[in-house]
Structures are given as structure tokens and as C-alpha cells.
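Data block below; observations after.
Note: hydrogens, waters and symmetry copies are ignored here, and every other heavy atom, side chains too, is used. Numbered from 1 within each chain, the chains take letters A, B, ... in sequence-line order.
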Amino acid sequence: MSEQLFVTGIGVALPGADHRDAVLDPQVPEPVDPAARIGRKGLRYKDRATQLALVAAYEALRDAGLLSDPDDAKSHVAVDASSVAVIAASNYGNLDSVAATIDTIQQDRSTRLVSPINTPNLSSNVIASEAAIRYGLRGPNLTVCNGSTGGLDALRWAGSLLRAGRAEHVLVVAVEPDNDVVRSFAGTPRALDGAVAMVLGPARDEVDTKRPPQAVLSATQRAATIDDLLPRLGVDLTAVDGWYGPGGAAEHGLIGQVRPIELGHDWGTPSSVLGLLQCVHAAARFAAGATGTLLAVCGDPADGVYCGTLVEAPRQASRALTAAGHDAHR
Amino acid sequence: MAVALDRTELIALIADVLDLNPEVITDDAHFIDDLGVDSLLALELAVALERRCQIKIESTEIVDVESLRDVITLLDRKLTIAA
């Protein structure tokens, strides 16, 4: 893998799964209760997507060891604030807030009764900016709203920021809310109602052997078909141990001899959360002892685009890194 | 048609908007100094009162409101005018 992104922190706020390893075997799905996870203070006027994202963001930043007080869910980061970027991925994030405001304006034929304090929720970047405000993240801040590939596209942007030196750590959070507005717009009986966050940054095992990276990602690539995607990823299929399909299921069958991996749970239509969910599922498998390289693919024939990344087990990746360093040294 | 609120209803509405316990909304608790109200929350309070009481409050009027006592005075004036 030419470019490597190190997953140094993971946060999960999904119905029935509140941490990385629970993704492999979720409990009976109960809606995520953000107030129970990070306290109710500061959540009053945030929309559902922002609340879910703040939960996952807190867990990921804590997991990465970046918070000044890990037990305080309103803690700022302990590292240089301008070195931490935020990228949110969401397709339906504030759709409910926008629809409700339009209804208010339509009913009163004026903007007089529009809630002033709700207006920040009408910004497409509200999720990323609220995460930055709450946790004191002053690096680049943006939102990717790019359909089914949105989660993996956000990882591509994270790689770009790290490579360009614009950030040392990137918080990537993918979130979707489930509500009537989303179901109607997306034409789905049930949308995923949750968030997954990852912190990407320098290999922690270089600075802290007690906190090695949880997975190593290759540069994300895009192509019109899955067949076109593989050469762009530079992937040797004989070295891939499994792949996550774009439907979150195995309907695409084998790629070469590579077997599909089922996410094994119906989370609802995952939209932009799928890509990060695949990566976290892979990281959970690695934590449980699996090794090797997995392929995550998102996309939709209707969109005419697929996006993929390789997810490698950390210890093996460290060895590969060491070998590369050794070669360079020689 | 303007709608009057009794004291308990008014305190409940303010507590809800400010996300505070009703007990802390006393006559003279200062919205900014004691209750953490900022300009955005003050506007939100004005809109909430407009909706609930079916009255119009100009943004210039809410600037002078600093406590529950001021809210009551403002509403009394509005409701008298409306009546």
C-alpha cells in the first residue's frame, strides 16, 4: 500500500452497539440515547444527527487518547487544537430541520416564527462544526455529502489533509438519522439511526507502544464499476482475505476467490455510514485475532460510482512498515 | 387572539427554552449573568413567547428583558394592548 492511514481511535453510536467490538455481535437494537452517553447539557437544540455524531466523536477522540480529560464528554483535546481536523459524512443529516423550518415558513407565510436558535442546524456543515466547537478542534472542517460512497470519500479527504500537512489528526464521523422526512426522501422503510467515528493519525505505535493503531487503511479509490476499482487500488486479490460489499451484504458474491463478509445485522439503510461501519467491523475482527487484508467497497449502480479502500490488520501493517523502512535504510 | 399565561406556565416555558430547572427562574435572576442567556437564546425566548401568547415582540423589545420580572412586565403591556 503506497499511502497508509492509521486508525488510532474508534467511536460507535449505533442501536445495539456502543463500542467497536459490539459491531460484531450487536445487542437488541435500542435507539441510541445521546444524553445517557455524553450528558444532556449542550444537546438541547442540536438535531438528532448532530447529537449522534457528538457521541461517536467523543468516543473516538477518547479512544485515540487525544482528550485532556478522557472521562469528561465536554473535554477539549489536549494536543494542538489547530492540528485536529474534522470531516463529517452525512447525506440526510439535517434534512428534518430544513423540512420543519420550511413548514413553519409556509404555514405563517413569514419567517417570523422560525426558531432563531435552530438556524445553525440549517447549515449543511452543522455536524462538523458542532463537533469542533464542543471538543475544541480548530483544524480544517468540512462535510462530505456524496451519496452511498460518502463515508469512504471522507476517508479520502482525511488522507489528503494528513498528506498535505494540514492536520496531524483527522476526526472522521459518518452519521445518519432515521425519521419520517428521511424515510420519505430516501424511499426506505427504515434508515440507520446512528454514527460511527474514527480518528486517523500518525501510527501510535511509533510514539506509544501501549496504543497501537487498530487498523491501517490504504488510499481510497473511486471507479465506475467494482472491476475498474480493483486495479486502481493496486490490489493483489490473492492477498485479500475478504470483502465488504456495497449493499452491506454479500449479494455481489465472490470477487475472484475473495469471499464476501456479511455485516451480519440489519442496521437499516446505512447511506454514508456504511463505509466507516465496514472499516470498524474489520478493526473489530482484527482485535478479536483476525489478521490479513480486507476490502471495503461502497457504491450504487444508480450513482454509477464505487469507492473502495483496503483495511489491513495493524500488526501485519507495522511489520510491512518496518520492512519498508529497513529497505529504505539499506 | 392573545393568550395570557399564569406565573407557573410562564416559568415552565422559560425554563424549557433556557434548558434549566424551573426553580432557578426567580423574579430577579439575571438572564445573562445568572442564567447564561446569550443573544440567540434571548431571541429564541421572544419567538417562543410569540408562538405561545399569539403576540408580536420586536427584537428591540427583547433586548431590555433581563429577568422574569421584565418578561412579566413586557407581557402585561403586550396583553393589555392586545385586549
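- The CD atom of A:E30 sits 12.0 Å away from atom CG of A:D18, with the distance rounded to the nearest 0.5 Å.
- In summary, A:R190 and A:D178 do not engage in a salt bridge, as defined by a charged side-chain N under 4.0 Å from a carboxylate O.
- Of the charged side-chain nitrogens involved, at least one lies within less than 4.0 Å of a carboxylate oxygen, so that A:R112 and B:E50 count as a salt-bridged pair.
- For the 3.5 Å distance criterion, the side chains of A:D47 and A:T50 qualify, holding a donor opposite an acceptor.
- Most heavy-atom pairs under 4.5 Å with chain A: of the set B:D19, B:L43, B:L41, this distinction falls to B:D19.
- Contacts of B:D16 with chain A are made by both backbone and side-chain atoms, with heavy-atom separations under 4.5 Å.
- When every heavy atom of B:I25 is checked against every heavy atom of B:L20, the shortest pair comes out as CD1-CD1, 4.3 Å.
- At a threshold of 4.0 Å, the pair A:R37-A:E59 counts as salt-bridged, since one of the basic side-chain nitrogens sits closer than that to a carboxylate oxygen.
- A:R62 contributes atom CZ, which lies 13.5 Å from atom CD1 of A:I10 (distance to the nearest 0.5 angstrom).
- Contact annotation for residues 69-102 of chain A against chain B (heavy-atom separation below 4.5 Å): no residues qualify.
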